[in-house]
Amino acid sequence: MAIAACLFDMDGVIVDTARFHFRAWHRLADSLGVPFTEEQNEELKGVSRVDSLEKILQWGNLVLSGTKKIELMNLKNKWYLEYVEQVKPQDMLPGVPEFLRELHEAGIPIGLGSSSRNAVLILDKLGIMSLFSTVIDGTKVHLSKPNPEVFIKGARELGIAPASAVVFEDAISGVEAARAGGFRCIGVGDPAVLSRADAVVPDLTGMSISRMQELLC
Ligand code: B16
Ligand code: MG
(Lines give C-alpha, C1' and ligand atoms only; values in the text may rest on other atoms or scores of the structure.)
(Ligands and ions follow the chains in the order given, each with its own letter.)
Protein backbone atom coordinates (compact mmCIF):
# COMPACT_ATOMS: atom_id res chain seq x y z
CA MET A 1 0.00 0.00 0.00
CA ALA A 2 1.37 3.42 -0.96
CA ILE A 3 0.91 5.79 1.95
CA ALA A 4 0.43 9.43 0.94
CA ALA A 5 0.04 10.92 4.43
CA CYS A 6 -0.36 10.11 8.12
CA LEU A 7 -2.97 11.76 10.32
CA PHE A 8 -2.44 11.61 14.07
CA ASP A 9 -4.88 11.98 16.88
CA MET A 10 -3.14 13.86 19.72
CA ASP A 11 -4.43 12.99 23.21
CA GLY A 12 -3.47 9.38 23.89
CA VAL A 13 -1.45 8.87 20.69
CA ILE A 14 1.23 11.58 20.68
CA VAL A 15 1.17 12.45 24.36
CA ASP A 16 -0.47 10.94 27.41
CA THR A 17 -2.80 13.86 28.05
CA ALA A 18 -5.76 11.42 28.02
CA ARG A 19 -5.06 10.77 31.73
CA PHE A 20 -5.31 14.51 32.44
CA HIS A 21 -8.68 14.70 30.66
CA PHE A 22 -9.79 11.70 32.75
CA ARG A 23 -8.60 13.31 35.99
CA ALA A 24 -10.33 16.62 35.22
CA TRP A 25 -13.63 14.98 34.15
CA HIS A 26 -13.49 12.74 37.22
CA ARG A 27 -13.07 15.77 39.45
CA LEU A 28 -16.00 17.48 37.76
CA ALA A 29 -18.21 14.36 37.94
CA ASP A 30 -17.37 14.02 41.66
CA SER A 31 -18.38 17.63 42.26
CA LEU A 32 -21.73 16.86 40.60
CA GLY A 33 -22.19 13.59 42.49
CA VAL A 34 -22.10 11.56 39.26
CA PRO A 35 -20.28 8.19 39.46
CA PHE A 36 -17.61 8.00 36.74
CA THR A 37 -15.65 4.88 35.82
CA GLU A 38 -12.68 4.10 33.54
CA GLU A 39 -15.13 2.30 31.21
CA GLN A 40 -17.27 5.43 30.93
CA ASN A 41 -14.11 7.42 30.27
CA GLU A 42 -13.46 5.28 27.16
CA GLU A 43 -16.69 6.77 25.77
CA LEU A 44 -15.35 10.30 26.28
CA LYS A 45 -12.02 9.77 24.53
CA GLY A 46 -11.88 11.70 21.27
CA VAL A 47 -15.24 13.34 22.03
CA SER A 48 -15.45 17.15 22.16
CA ARG A 49 -15.61 19.03 25.46
CA VAL A 50 -19.29 19.90 25.08
CA ASP A 51 -20.34 16.39 24.04
CA SER A 52 -18.31 14.91 26.93
CA LEU A 53 -20.12 17.13 29.44
CA GLU A 54 -23.49 16.19 27.92
CA LYS A 55 -22.67 12.49 28.42
CA ILE A 56 -21.71 13.00 32.07
CA LEU A 57 -24.90 14.97 32.73
CA GLN A 58 -26.91 12.21 31.04
CA TRP A 59 -25.24 9.53 33.21
CA GLY A 60 -26.20 11.56 36.28
CA ASN A 61 -29.72 12.34 34.99
CA LEU A 62 -28.92 16.03 35.41
CA VAL A 63 -30.54 18.82 33.43
CA LEU A 64 -28.69 22.14 33.64
CA SER A 65 -28.97 25.54 31.99
CA GLY A 66 -26.71 26.57 29.12
CA THR A 67 -24.95 29.08 31.38
CA LYS A 68 -24.24 26.42 34.01
CA LYS A 69 -22.90 24.06 31.33
CA ILE A 70 -20.47 26.72 30.09
CA GLU A 71 -19.35 27.34 33.66
CA LEU A 72 -18.69 23.60 34.16
CA MET A 73 -16.79 23.26 30.87
CA ASN A 74 -14.63 26.24 31.81
CA LEU A 75 -13.93 24.70 35.20
CA LYS A 76 -12.96 21.35 33.69
CA ASN A 77 -10.70 23.09 31.18
CA LYS A 78 -9.09 25.20 33.93
CA TRP A 79 -8.20 22.03 35.85
CA TYR A 80 -7.02 20.31 32.65
CA LEU A 81 -4.76 23.27 31.79
CA GLU A 82 -3.29 23.14 35.30
CA TYR A 83 -2.46 19.46 34.78
CA VAL A 84 -0.88 19.99 31.33
CA GLU A 85 1.12 23.01 32.47
CA GLN A 86 4.18 20.80 33.05
CA VAL A 87 4.01 18.93 29.69
CA LYS A 88 7.40 18.92 27.96
CA PRO A 89 9.01 17.21 24.92
CA GLN A 90 10.13 14.22 27.05
CA ASP A 91 6.45 13.44 27.69
CA MET A 92 5.82 12.33 24.12
CA LEU A 93 4.68 8.70 24.12
CA PRO A 94 7.24 5.99 23.24
CA GLY A 95 8.30 5.87 19.59
CA VAL A 96 6.49 9.09 18.63
CA PRO A 97 9.47 11.43 18.09
CA GLU A 98 11.37 8.82 16.05
CA PHE A 99 8.37 7.97 13.85
CA LEU A 100 7.43 11.61 13.21
CA ARG A 101 11.04 12.33 12.28
CA GLU A 102 11.18 9.39 9.85
CA LEU A 103 7.94 10.46 8.13
CA HIS A 104 9.15 14.04 7.90
CA GLU A 105 12.49 13.04 6.40
CA ALA A 106 10.75 10.71 3.92
CA GLY A 107 8.55 13.60 2.79
CA ILE A 108 5.31 11.92 3.91
CA PRO A 109 3.03 14.75 5.06
CA ILE A 110 1.91 14.65 8.69
CA GLY A 111 -1.45 16.02 9.84
CA LEU A 112 -3.11 16.37 13.21
CA GLY A 113 -6.73 15.35 13.64
CA SER A 114 -7.66 16.13 17.23
CA SER A 115 -10.93 17.05 18.91
CA SER A 116 -9.05 19.18 21.41
CA ARG A 117 -9.32 22.95 21.43
CA ASN A 118 -5.97 22.92 23.29
CA ALA A 119 -4.04 21.07 20.58
CA VAL A 120 -1.86 23.96 19.36
CA LEU A 121 -0.83 24.79 22.93
CA ILE A 122 0.23 21.19 23.53
CA LEU A 123 2.05 20.72 20.20
CA ASP A 124 3.96 23.91 21.06
CA LYS A 125 4.88 22.56 24.49
CA LEU A 126 6.14 19.37 22.83
CA GLY A 127 8.17 21.38 20.29
CA ILE A 128 6.82 19.45 17.28
CA MET A 129 4.54 22.02 15.63
CA SER A 130 6.89 22.46 12.65
CA LEU A 131 6.61 18.77 11.71
CA PHE A 132 2.89 19.12 10.93
CA SER A 133 1.76 20.15 7.45
CA THR A 134 -1.75 20.70 8.75
CA VAL A 135 -3.36 20.92 12.18
CA ILE A 136 -7.09 20.29 12.37
CA ASP A 137 -8.33 20.59 15.93
CA GLY A 138 -11.48 21.23 17.92
CA THR A 139 -11.47 24.89 16.93
CA LYS A 140 -11.80 23.98 13.24
CA VAL A 141 -14.56 21.38 13.20
CA HIS A 142 -18.27 21.47 13.87
CA LEU A 143 -18.85 17.77 14.35
CA SER A 144 -17.10 15.69 16.99
CA LYS A 145 -15.61 12.20 16.36
CA PRO A 146 -17.08 9.66 15.47
CA ASN A 147 -18.02 12.07 12.68
CA PRO A 148 -15.10 11.97 10.18
CA GLU A 149 -15.01 15.76 9.64
CA VAL A 150 -11.68 16.27 11.45
CA PHE A 151 -9.85 13.71 9.28
CA ILE A 152 -11.63 14.64 6.03
CA LYS A 153 -10.58 18.26 6.53
CA GLY A 154 -7.01 17.15 7.23
CA ALA A 155 -6.88 15.05 4.06
CA ARG A 156 -8.36 17.91 2.05
CA GLU A 157 -5.75 20.35 3.35
CA LEU A 158 -3.01 17.88 2.44
CA GLY A 159 -4.54 17.34 -1.00
CA ILE A 160 -4.73 13.56 -0.65
CA ALA A 161 -7.51 10.97 -0.87
CA PRO A 162 -8.62 9.40 2.45
CA ALA A 163 -7.96 5.88 1.14
CA SER A 164 -4.26 6.70 0.71
CA ALA A 165 -3.79 8.02 4.26
CA VAL A 166 -3.37 6.29 7.60
CA VAL A 167 -4.98 7.52 10.82
CA PHE A 168 -3.47 6.73 14.24
CA GLU A 169 -6.10 6.71 17.00
CA ASP A 170 -6.50 5.67 20.65
CA ALA A 171 -10.27 6.19 20.93
CA ILE A 172 -13.25 4.12 19.84
CA SER A 173 -14.86 7.33 18.53
CA GLY A 174 -11.68 8.14 16.57
CA VAL A 175 -11.42 4.69 14.98
CA GLU A 176 -15.06 5.00 13.92
CA ALA A 177 -14.36 8.48 12.51
CA ALA A 178 -11.43 7.15 10.47
CA ARG A 179 -13.49 4.27 9.11
CA ALA A 180 -16.44 6.51 8.29
CA GLY A 181 -14.11 8.80 6.36
CA GLY A 182 -12.62 5.94 4.33
CA PHE A 183 -9.18 5.99 5.97
CA ARG A 184 -7.00 3.06 7.03
CA CYS A 185 -6.63 3.12 10.79
CA ILE A 186 -3.99 1.87 13.21
CA GLY A 187 -5.34 1.77 16.76
CA VAL A 188 -3.01 2.65 19.60
CA GLY A 189 -4.00 0.86 22.79
CA ASP A 190 -5.98 -2.25 23.70
CA PRO A 191 -7.05 -4.50 20.76
CA ALA A 192 -10.19 -5.51 22.70
CA VAL A 193 -11.27 -1.86 22.88
CA LEU A 194 -10.12 -0.80 19.39
CA SER A 195 -11.32 -3.93 17.60
CA ARG A 196 -12.66 -1.94 14.62
CA ALA A 197 -9.19 -0.64 13.64
CA ASP A 198 -7.30 -2.29 10.75
CA ALA A 199 -4.48 -3.10 13.17
CA VAL A 200 -3.74 -2.27 16.81
CA VAL A 201 -0.41 -1.63 18.53
CA PRO A 202 0.13 -0.95 22.25
CA ASP A 203 2.09 2.22 21.47
CA LEU A 204 4.31 3.55 18.68
CA THR A 205 7.51 1.91 19.91
CA GLY A 206 9.34 0.65 16.82
CA MET A 207 6.75 2.15 14.46
CA SER A 208 8.23 2.94 11.06
CA ILE A 209 7.08 3.35 7.49
CA SER A 210 7.86 -0.30 6.73
CA ARG A 211 6.15 -1.54 9.94
CA MET A 212 3.06 0.51 9.09
CA GLN A 213 2.98 -1.05 5.60
CA GLU A 214 3.36 -4.56 7.07
CA LEU A 215 0.49 -3.95 9.50
CA LEU A 216 -1.84 -2.76 6.77
CA CYS A 217 -1.06 -5.25 4.01
P1 B16 B 1 -10.41 19.89 24.90
P2 B16 B 1 -8.05 13.89 20.77
C3 B16 B 1 -9.78 14.84 22.56
O4 B16 B 1 -8.54 14.90 21.93
C5 B16 B 1 -9.71 14.04 23.84
O6 B16 B 1 -9.49 12.65 23.55
C7 B16 B 1 -11.00 14.16 24.60
O8 B16 B 1 -10.91 13.45 25.82
C9 B16 B 1 -11.30 15.63 24.85
O10 B16 B 1 -12.55 15.80 25.51
C11 B16 B 1 -11.34 16.37 23.51
O12 B16 B 1 -10.10 16.20 22.85
C13 B16 B 1 -11.59 17.86 23.69
O14 B16 B 1 -10.47 18.39 24.35
O15 B16 B 1 -11.26 19.95 26.11
O16 B16 B 1 -8.93 20.08 25.17
O17 B16 B 1 -10.90 20.78 23.78
O18 B16 B 1 -7.93 12.55 21.42
O19 B16 B 1 -9.07 13.98 19.67
O20 B16 B 1 -6.70 14.46 20.38
MG1 MG C 1 -7.16 10.51 21.50
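When a ligand or atom number is given, it counts from 1 through the structure's own listing order.
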Assess the residue pair F8 and F151 against the criterion (ring-ring contact (aromatic ring centres under 6.0 Å, His included)); give the C-alpha distance rounded to whole Å, side-chain angles, the decisive distance to 0.1 Å, and a yes or no. CA-CA 9 Å; F8 290 84; F151 296 129; over 10 Å; no
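- When only non-hydrogen protein atoms are considered, atom 3 (C) of ligand 1 lies nearest to D11 OD2, 3.4 Å.
- The shortest N or O to N or O distance between Y80 and ligand 1 is not below 3.5 Å.
- Side-chain rings of F183 and F168 stay apart, their centers remaining 6.0 Å or farther from each other.
- For atom 10 (O) of ligand 1, the nearest non-hydrogen atom of the protein is V47 O, 2.8 Å.
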Apply side-chain contact (heavy atoms from CB on, under 4.5 Å) to D203 and V13, showing your working. CA-CA 8 Å; D203 58 37; V13 170; over 6 Å; no
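- Among the atoms of D170, an N, O or S atom falls under 2.8 Å of the Mg ion (ligand 2).
- Residue E38 qualifies as open at atom CD: its count of foreign heavy atoms under 6.0 Å is 12 or below.
- The protein heavy atom nearest to atom 17 (O) of ligand 1 is R117 N, 2.6 Å.
- Of the protein's non-hydrogen atoms, R49 NE, 2.8 Å is the one closest to atom 15 (O) of ligand 1.
- In this structure, atom 18 (O) of ligand 1 lies nearest to the protein heavy atom D9 OD1, 2.8 Å.
- The cationic group of K78 does not satisfy the cation-pi geometry with Y80, failing either the under 6.0 Å distance to the six-membered ring centre or the 45° limit from the ring axis.
- Annotation: S115 places an N or O atom under 3.5 Å from an N or O atom of ligand 1; distance criterion only.
- In terms of protein heavy atoms, atom 6 (O) of ligand 1 is closest to G46 N, 2.8 Å.
- Considering backbone and side-chain N/O of K45, none are found under 3.5 Å from N/O of ligand 1.
- At least one N/O-N/O distance between S114 and ligand 1 falls below 3.5 Å.
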